[in-house]
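From a predicted model like this one, the values you see are computed outputs, not experimental measurements. Note: hydrogens, waters and symmetry copies are ignored here, and every other heavy atom, side chains too, is used.
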Amino acid sequence: MQNANSLARAPALELIRVNLIVGRARARLSQEDLAERSAVGRATISRIERGAAADVGIDTLERLAGALGVGIAELFLPPSATRVDDDEL
């Protein structure tokens, strides 16, 4: 069962949220590591990943995507079916 926050979340923000979590796990980066690489605050990364960010600016998305080594468009694609192992999280 989904909670009220996930039901109200915009589809694009949900894709960004999931792709950020998966991308960070695959890169084996902590939120702090990603913050340092991207020059985006760790609190901002945390808000995005928790689904608590009402919106995310294009500059922030560009910096996060660059730090993860992906194009910004990849943050808006449905996550691949490739499995992420627990040890990657």
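Under the side chain to side chain contact (heavy atoms under 4.5 Å, CB included) rule, I48 has a single partner from V40, V56, L13, which is V56.
Side-chain N or O atoms of R47 include none that pairs as donor or acceptor with a backbone N or O of A52 at under 3.5 Å.
Distance check, rounded to the nearest 0.5 Å: CZ of R42 to CD of E49 gives 9.5 Å. Atom CG of L29 and atom CD1 of I45 lie 9.5 Å apart (nearest 0.5 Å). Distance check: L20 CG to S38 OG gives 8.5 Å after rounding to the nearest 0.5 Å.
Taking the charged nitrogens against the carboxylate oxygens, R37 and D33 have no contact shorter than 4.0 Å, which rules out a salt bridge.
Under the 4.5 Å side-chain contact rule for hydrophobic residues, I72 and I16 share a cluster.
No side-chain heavy atom of L75 sits less than 4.5 Å from a side-chain heavy atom of L15. No side-chain heavy atom of N19 sits less than 4.5 Å from a side-chain heavy atom of F76.
Nearest heavy-atom pair across L68 and A27 is CD2-CB, 4.5 Å. Between G41 and A35 the shortest heavy-atom distance is C-CB, 4.1 Å.
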